[in-house]
Amino acid sequence: ETGVTQTPRHLVMGMTNKKSLKCEQHLGHNAMYWYKQSAKKPLELMFVYNFKEQTENNSVPSRFSPECPNSSHLFLHLHTLQPEDSALYLCASSPEEGGLYTIYFGEGSWLTVV
Amino acid sequence: DQQVKQNSPSLSVQEGRISILNCDYTNSMFDYFLWYKKYPAEGPTFLISISSIKDKNEDGRFTVFLNKSAKHLSLHIVPSQPGDSAVYFCAAAGGTSYGKLTFGQGTILTVHP
């Protein structure tokens, strides 16, 4: 059982829809991350939150909107996405952003934009 | 510009033999390296890490070697088992934030019985 839980595991949405991905970590960590894995590309960092504050936006388009209401929960709000946004979205957490900590990943949410 | 590269897309090994997965990096600021394993339809699972103050770290069947001068690291799995068949990702971090991992493309390891 993973300490980082993502829902939904699979999502199909139209380009005009608004949906959200949810992540919850049960590890007592203070840093949370969104990563994206597109087909045939490496995992790519999208956003970092440390103690609920966003510390990194890796030039992500505004149609992706993260929200971190507390250290245990992280959301990725999606609106007016494009088919090329179809990918595996991975949430991760670590004790803090700084320091040599291991980052633990959830099982991912497979997103298909039609 | 890919800062972390795994040049072998795939590797096939016989059960019981050694698997060696390689990773090269270009950013001199990287000083913390991790290996993750990923099965289909699952998230990456942490395997082993190494910081730049070491050149070797061992955990059971897994050993990671770091050659800082060559900007190269490798993961050795001995002995390899069929359950090790998965995609292996190398990741690196350093500088101002160790939370910002840069990943390689992954290597598909297949261990044949």
Side-chain angles (χ1 to χ4, degrees), chain A residues 1-10 21 23 25 27 29-51 53-60 74 87-110, chain B residues 1-10 21 23-27 29-54 57 59 62 64 66 86-108:
Chain A
E1 182 184 330
T2 177
V4 181
T5 305
Q6 290 187 240
T7 55
R9 294 294 312 281
H10 299 270
L21 305 180
C23 176
Q25 58 94 2
L27 301 169
H29 291 168
N30 294 298
M32 296 189 77
Y33 312 82
W34 280 115
Y35 280 82
K36 173 183 178 181
Q37 186 174 28
S38 304
K40 300 182 181 179
K41 292 178 73 174
L43 277 82
E44 183 180 17
L45 178 68
M46 298 175 72
F47 301 102
V48 181
Y49 279 82
N50 196 38
F51 292 93
E53 298 297 320
Q54 187 181 119
T55 58
E56 176 76 13
N57 176 338
N58 194 21
S59 303
V60 181
L74 184 65
L88 175 66
Y89 290 85
L90 288 157
C91 174
S93 72
S94 67
E96 291 182 22
E97 184 187 354
L100 304 183
Y101 298 112
T102 297
I103 293 178
Y104 295 92
F105 285 85
E107 301 206 335
S109 294
W110 287 95
Chain B
D1 176 34
Q2 203 154 347
Q3 299 183 64
V4 178
K5 294 182 182 179
Q6 294 174 254
N7 291 316
S8 297
S10 62
L21 298 113
C23 179
D24 297 294
Y25 62 96
T26 58
N27 190 334
M29 296 296 290
F30 290 149
D31 57 6
Y32 183 49
F33 305 90
L34 307 91
W35 283 94
Y36 285 86
K37 170 180 172 180
K38 186 179 182 298
Y39 293 117
E42 293 186 12
T45 302
F46 170 74
L47 275 177
I48 193 169
S49 64
I50 189 167
S51 73
S52 60
I53 61 172
K54 292 184 167 185
N57 190 24
D59 184 1
F62 302 91
V64 56
L66 176 62
V87 182
Y88 288 78
F89 292 97
C90 165
T96 57
S97 173
Y98 291 100
K100 299 171 190 172
L101 296 181
T102 300
F103 281 85
Q105 312 95 302
T107 297
I108 301 170

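Just so we're on the same page: letters track the sequence lines, and every chain starts at 1. As a basis for the values below, the full set of heavy atoms in this structure was taken, side chains included, without hydrogen atoms, waters or symmetry mates.
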Relative to chain B, which segment of [X] carries a heavy atom at a distance below 4.5 Å: side chain, backbone, both, or neither?
{"X": "A/Tyr101", "value": "backbone"}
{"X": "A/Ile103", "value": "both"}
{"X": "A/Thr102", "value": "both"}
{"X": "A/Glu44", "value": "neither"}

Min side-chain heavy-atom separation B/Leu101-A/Tyr35 under 4.5 Å:
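Yes; the side chains approach each other to less than 4.5 Å.
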Is the shortest side-chain heavy-atom distance between A/Pro42 and B/Val4 below 4.5 Å?
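Side chain of A/Pro42 against side chain of B/Val4, heavy atoms only: no contact under 4.5 Å found.
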Nearest-0.5 Å distance that lies between atom CD in B/Glu42 and atom CZ in A/Arg9:
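Here the rounded value is 8.0 Å.
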Go through the atoms of B/Gln6 and report whether side chain, backbone, both or neither lie under 4.5 Å from a heavy atom of chain A.
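For B/Gln6, there is no contact with chain A at all, as no heavy atom is under 4.5 Å.
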B/Tyr36 versus chain A, the contacting section by heavy-atom distance below 4.5 Å:
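Side chain only.
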At their closest point, which heavy atom of A/Leu90 faces which heavy atom of B/Gly43, and how far apart are they?
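Heavy-atom minimum between the residues: CD2-CA, 3.9 Å.
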Any idea which heavy atoms bring B/Lys100 and A/Thr55 closest together, and the distance?
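So the minimum-distance heavy-atom pair works out to NZ-O, 4.3 Å.
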